Amino acid sequence: MKNVNKIRMRETIVSYCFLAPVLIFFVVFVLVPMIMGFVTSFFNYTMIDFTFVGIDNYVRMFNDEVFRKSLVNTLIIVIGSVPVVVIFSLFVASQTYERSMFTRSFFRCVFFLPVVTGSVAVTVVWKWIYDPLSGILNYILKAGHVIDQNISWLGDSRYALWAIIIILLTTSIGQPIILYIAALGNVDKSLVEAARVDGATEFNVFWKIKWSSLLPTTLYIVVITTINSFQCFALIQLLTSGGPNYSTSTIMYYLYEKAFKLSEYGYANTMGVFLAVLIALISFAQFKILGDNVEY
């Protein structure tokens, strides 16, 4: 018995030794910064001051017109991108998963390429597309007589945010398409064939048989896409810097501006805490709505 206990103790120690590097990394670079961010959100924390102010930063945040505008822009990005990503990815996957291996690989490569391409490279291409003087988008629309004169897509507050959303969509659909193709490949083919023999339409086959198998994948895609949309930052920083007149500013970009341009770390951490709580609440709601019907 003593030998068994010694072996178990030795195995436990060895296991924790293997886990130690990851645990240390998590504590130092994730857990500690999270705690520090929450604590300093109650301070007037700048380069020259560190004074406790209680909930004044939170009061200031909700009274900040630019923050409210950034919050609305963030919600527009989330609401405008998440449903489109899910529906379009599911449509493309359903049209390609039964094709030949070469066709599936081709479409997966095409749609996943923007995901693995660097943000700077993607930004350079889209900046050229949106260029108000020599951009290909204005050229095509004028050639098709859709517009009469060039439009400054990133310089006009009426179009800038939607231009950002379009770019975000192109970089967000790659992974969901691959996940949906894999999930559709795991659907029980005997059930699908039996339903078709019984005269079920393709819509009924999808809704009654395939959709239940896709719910776990859909839940994952919805949650991850929502989080990524809330954290949209690089595109805005590289293309518009929140302009014109904060029409493309998001919470993440405004947080960055306050922290690293104006050195208002306490106020920036306040927005970070608010964003984390908002994402957690929305993710919880998504799990409650979609997760109740998920069967693993």
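All figures in this text were calculated on a predicted structure; none of them were measured in a lab.
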Begin with the C-alpha distance, continue with both residues' side-chain angles, and end with the deciding distance and a verdict on side chain to side chain contact (heavy atoms under 4.5 Å, CB included) for Thr96 and Phe106. CA-CA 10 Å; Thr96 59; Phe106 173 77; over 6 Å; no
Side chains of Tyr159 and Ser152: donor-acceptor distance under 3.5 Å anywhere?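 No, Ser152 and Tyr159 have no side-chain donor paired with an acceptor closer than 3.5 Å.
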Answer with yes or no whether the side chains of Asn245 and Ser157 bring together a donor and an acceptor at under 3.5 Å.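 Checked: Ser157/Asn245 side chains show no N/O donor-acceptor pair below 3.5 Å.
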Does anything in [range] pair up under side chain to side chain donor-acceptor pair (under 3.5 Å), and if so which pairs, sequence neighbours excluded?
| range | result |
| --- | --- |
| residues 11-30 | none |
| residues 74-94 | Ser81-Ser229 |
| residues 168-185 | Tyr180-Thr218 |
| residues 60-69 | Arg60-Glu264, Asp64-Tyr254, Asp64-Tyr267 |

Side-chain heavy atoms nearer than 4.5 Å, only ILVMFWY residues, links allowed to pass through others: does that put [X] and [Y] together?
| X | Y | value |
| --- | --- | --- |
| Val22 | Met34 | no |
| Phe38 | Val53 | no |
| Leu154 | Trp128 | yes |
| Leu255 | Val30 | yes |
| Ile87 | Val84 | no |

List, by chain and number, the other hydrophobic cluster members for [X], where Ile, Leu, Val, Met, Phe, Trp and Tyr join if side-chain heavy atoms come within less than 4.5 Å, directly or indirectly.
| X | value |
| --- | --- |
| Val124 | Val120, Leu238 |
| Phe29 | Ile24, Phe25, Val28 |
| Ile178 | Phe112, Leu113, Val115, Val116 |

Counting C-beta onward and ignoring hydrogens, is there a side-chain heavy-atom pair between [X] and [Y] closer than 4.5 Å?
| X | Y | value |
| --- | --- | --- |
| Leu71 | Leu278 | yes |
| Thr250 | Phe233 | no |
| Ile55 | Phe42 | yes |
| Tyr253 | Cys232 | no |
| Phe43 | Asp49 | no |
| Tyr220 | Leu179 | yes |
| Ser283 | Thr226 | no |
| Thr51 | Tyr45 | no |

Around atom OH of Tyr139, are there more than 12 heavy atoms from other residues, nucleotides or ligands closer than 6.0 Å?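 No - once you tally the heavy atoms of other residues, nucleotides and ligands closer than 6.0 Å, there are 12 at most.
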Report, as yes or no, whether the 6.0 Å neighbourhood of atom CD1 on Ile147 holds more than 12 heavy atoms from other residues, nucleotides or ligands.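 For Ile147, atom CD1 is crowded (more than 12 foreign heavy atoms under 6.0 Å).
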Rounded to the nearest 0.5 Å, what separation is found between the [atom1] atom of [X] and the [atom2] atom of [Y]?
| X | Y | atom1 | atom2 | value |
| --- | --- | --- | --- | --- |
| Leu90 | Gln95 | CG | CD | 10.0 Å |
| Ile227 | Ile279 | CD1 | CD1 | 6.0 Å |
| Asn138 | Asn150 | CG | CG | 4.5 Å |
| Tyr246 | Thr240 | OH | OG1 | 11.5 Å |
| Trp162 | Thr248 | CH2 | OG1 | 13.5 Å |
| Cys17 | Leu23 | SG | CG | 11.0 Å |

Establish, yes or no, whether a centroid distance under 6.0 Å links the rings of Phe284 and Phe287.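 Here the rings of Phe287 and Phe284 have centres that are no less than 6.0 Å from each other.
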At their closest point, which heavy atom of [X] faces which heavy atom of [Y], and how far apart are they?
| X | Y | value |
| --- | --- | --- |
| Lys142 | Gln149 | CD-C, 4.4 Å |
| Pro244 | Ser247 | O-OG, 2.8 Å |
| Ala259 | Tyr265 | O-CE2, 3.1 Å |

Checking [X] now: which residues fulfil side chain to side chain contact (heavy atoms under 4.5 Å, CB included) with it, not counting sequence neighbours?
| X | answer |
| --- | --- |
| Leu137 | Ile129, Tyr130, Leu141, Trp153 |
| Ser105 | Met101, Arg108 |
| Phe111 | Phe88, Val92, Phe107, Ile173, Ile177 |

Would Leu239 and Ile167 count as a side chain to side chain contact (heavy atoms under 4.5 Å, CB included) here? Give the steps. CA-CA 11 Å; Leu239 286 172; Ile167 302 174; 3.3 Å; yes
With Gln231 via side-chain hydrogen bond (donor to acceptor under 3.5 Å, both in side chains) - residues at least two apart: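 Testing Gln231 for side-chain hydrogen bond (donor to acceptor under 3.5 Å, both in side chains), a comparison that skips the adjacent residues, returns none.
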Under the rule for salt bridge (Lys or Arg N to Asp or Glu O under 4.0 Å), what residues qualify as partners of Asp156, not counting sequence neighbours?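 So Asp156 forms a salt bridge (Lys or Arg N to Asp or Glu O under 4.0 Å) with Arg158.
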